[in-house]
Novice: 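Starting off with a structure, shown below.
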2 protein chains.
Amino acid sequence: MSRPASTIPKIDTRERILDVALELFVAQGYDKTSLREIAEQLGVTKAALYYHFASKDDILLALHGRLHELLRETTEGLGEAGPWRPGAFANALRRLIGEVISNEKLFQLHERNRAAFEKLHQSEQHTAMHSDLEVRIRELLADTGLPVRTRVRTACALGAVTFGIMLPGDAFADIDRQVLAELLSEAIDDLLETD
Amino acid sequence: MSRPASTIPKIDTRERILDVALELFVAQGYDKTSLREIAEQLGVTKAALYYHFASKDDILLALHGRLHELLRETTEGLGEAGPWRPGAFANALRRLIGEVISNEKLFQLHERNRAAFEKLHQSEQHTAMHSDLEVRIRELLADTGLPVRTRVRTACALGAVTFGIMLPGDAFADIDRQVLAELLSEAIDDLLETD
DNA sequence: GTCTATATTTCGATAGAC
DNA sequence: GTCTATCGAAATATAGAC
């Protein structure tokens with residue numbers, strides 16, 4: 001423990017802000033959540049948030065960064081350059097299932113606030129902050145050189161994983177996460193490896 | 001044409017408002033779209049909107065009604081009472097593909113503004129305005145009497161159709177809608193009729 | 001049915017004390 | 001690092017003339 005006592009933060013307020021914001025953005029939506037609400041639930045005032053973040057968008061951007069980091073670790077070294085082969089996507093998706101399950105909220109944030117992220121995407125110069133995965137999926141779906149069937153089924157597989165974990169909410173509360181992961185992986189197989 | 005000339009509306013302004021609102025709500029999101037924007041694109045003022053609708057939420061509710069009507073027509077007589085058997089769901093889903101394709105915007109509205117709809121859902125007393133389809137899907141997913149595999153795959157099939165049509169956006173612009181419908185139907189088969 | 005105001009509220013953001 | 005206080009902008013909604 002070489003850190004001087006004077007610089008120890010309360011308990012990393014910045015991260016606590018992000019945790020609360022994530023919770024509220026998922027539950028109510030980004031736009032319908034005010035900074036006042038976040039601050040109240042945290043026991044501080046709005047102004048305090050502005051010490052840690054430059055703007056409301058900046059909070060959203062930081063949460064986007066969490067996902068970005070997560071995807072980078074998961075997908076790095078999977079395909080070096082150029083567009084992916086469909087097989088590589090299947091592998092990435094399978095590998096991703098576990099991450100989505102153990103970071104449900106983070107993915108829900110993106111699924112349920114697509115409009116907000118798109119606006120962030122175009123206005124800010126957070127260039128090259130796109131996740132590789134996201135870009136490559138787009139490339140794969142739009143690649144007219146691939147069989148149409150492959151492209152459509154790729155989208156289906158993506159939807160299957162997304163809905164299989166996020167749509168049901170409480171409806172799948174009784175299902176073991178490990179079992180769920182295996183069933184989803186199996187579904188991906190059926191969608192992407194039929195000929 | 002028995003309608004008296006004096007009661008002929010300009011061109012059914014109410015419907016035109018809904019059309020513009022649908023377009024903007026999908027493109028920018030419900031919260032980020034102001035009534036001023038809707039009015040401007042329509043060539044009228046904000047106040048005019050309030051003649052036709054009681055509130056902004058009321059506009060969203062009317063659009064929800066459009067979908068409700070659509071689903072009612074599509075699913076009526078499919079299963080009379082009680083929860084659905086999985087097979088009945090597969091049929092409903094297959095039947096639904098065409099509707100989703102030819103009413104893309106309407107479904108996108110719901111997919112991209114789930115937060116707004118949920119708030120509408122709980123605050124307003126638009127009780128019993130839930131679509132049968134929606135309720136029954138929930139029942140099916142949460143039915144602990146069914147095999148877990150069936151429940152998970154039901155969610156997958158739903159996601160496959162949703163993402164297959166809505167996620168890609170322009171990426172599938174080159175794909176014929178009829179072909180797309182057949183490929184999705186095929187994917188549903190693979191997901192729901194494997195043993 | 002549509003207009004010109006205007007009321008009312010809420011929110012994001014800033015300034016400056018502590 | 002957090003507070004009080006406030007500004008300015010934008011949005012929803014209303015009142016009343018035409």
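Here is the naming used below: chain letters follow the sequence lines, and residue numbers restart at 1 for every chain.
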Novice: Does some side-chain heavy atom of B:Leu71 sit less than 4.5 Å from a side-chain heavy atom of B:Glu134?
Specialist: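 Not touching, per the 4.5 Å side-chain cut-off.
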
Novice: Tell me: CZ of B:Phe53 to C1' of D:dT14, nearest whole Å?
Specialist: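 Those two atoms, CZ and C1', are 18 Å apart.
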
Novice: Taking A:Arg136 first and then A:Asp143, would you say they form a salt bridge - that is, a charged N and a carboxylate O separated by under 4.0 Å?
Specialist: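 Salt bridge absent between A:Arg136 and A:Asp143.
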
Novice: B:Leu60 has an atom CG; how far is it from atom C1' of D:dT12, in whole Å?
Specialist: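 These atoms are roughly 15 Å apart.
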
Novice: Rounded to the Å, how far apart are B:Tyr30 OH and D:dT12 C1'?
Specialist: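 About 10 Å, once rounded to whole Å.
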
Novice: Any side-chain heavy atom of B:Ile38 within less than 4.5 Å of one from B:Phe25?
Specialist: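 Sidechains of B:Phe25 and B:Ile38: in contact.
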
Novice: Can you check the A:Asp12 CG to D:dG1 P distance for me, whole Å?
Specialist: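 Taking atom P of D:dG1 as the reference, CG of A:Asp12 is at 9 Å.
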
Novice: Within this structure, what is the CG-to-P distance between A:Asp57 and C:dC11, rounded to whole angstrom?
Specialist: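 The answer, rounded to whole Å, is 16 Å.
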
Novice: Heavy-atom contacts under 4.0 Å between residues 33-52 of chain B and DNA chain D, which residues?
Specialist: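 Hits under 4.0 Å, by residue number: B:Thr33, B:Ser34, B:Leu35, B:Arg36, B:Lys46, B:Ala47, B:Tyr50.
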
Novice: Pair B:Glu37, B:Gln28 - check side-chain hydrogen bond (donor to acceptor under 3.5 Å, both in side chains), show working.
Specialist: CA-CA 11 Å; B:Glu37 250 178 315; B:Gln28 313 177 341; 3.1 Å; yes

Novice: Check the surroundings of atom CG in A:Asp170: do more than 12 heavy atoms from other residues, nucleotides or ligands lie under 6.0 Å from it?
Specialist: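 Incorrect, the count does not exceed 12.
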
Novice: Specify the separation, in whole Å, of atom CG of B:Asp58 and atom C1' of D:dA13.
Specialist: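 To the nearest whole Å, that distance equals 13 Å.
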
Novice: Is any side-chain heavy atom of B:Arg153 closer than 4.5 Å to a side-chain heavy atom of A:Asp190?
Specialist: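 Touching, per the 4.5 Å side-chain cut-off.
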
Novice: How long is the line joining NZ of A:Lys32 and P of C:dT10, in whole Å?
Specialist: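 Spelled out: NZ on A:Lys32 to P on C:dT10 is 14 Å.
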
Novice: Given D:dT12, is OP1 or OP2 found less than 4.0 Å from the side-chain N or O atoms of B:Ser55?
Specialist: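 So the side chain of B:Ser55 is outside the cut-off, no N or O lying under 4.0 Å from OP1 or OP2 of D:dT12.
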
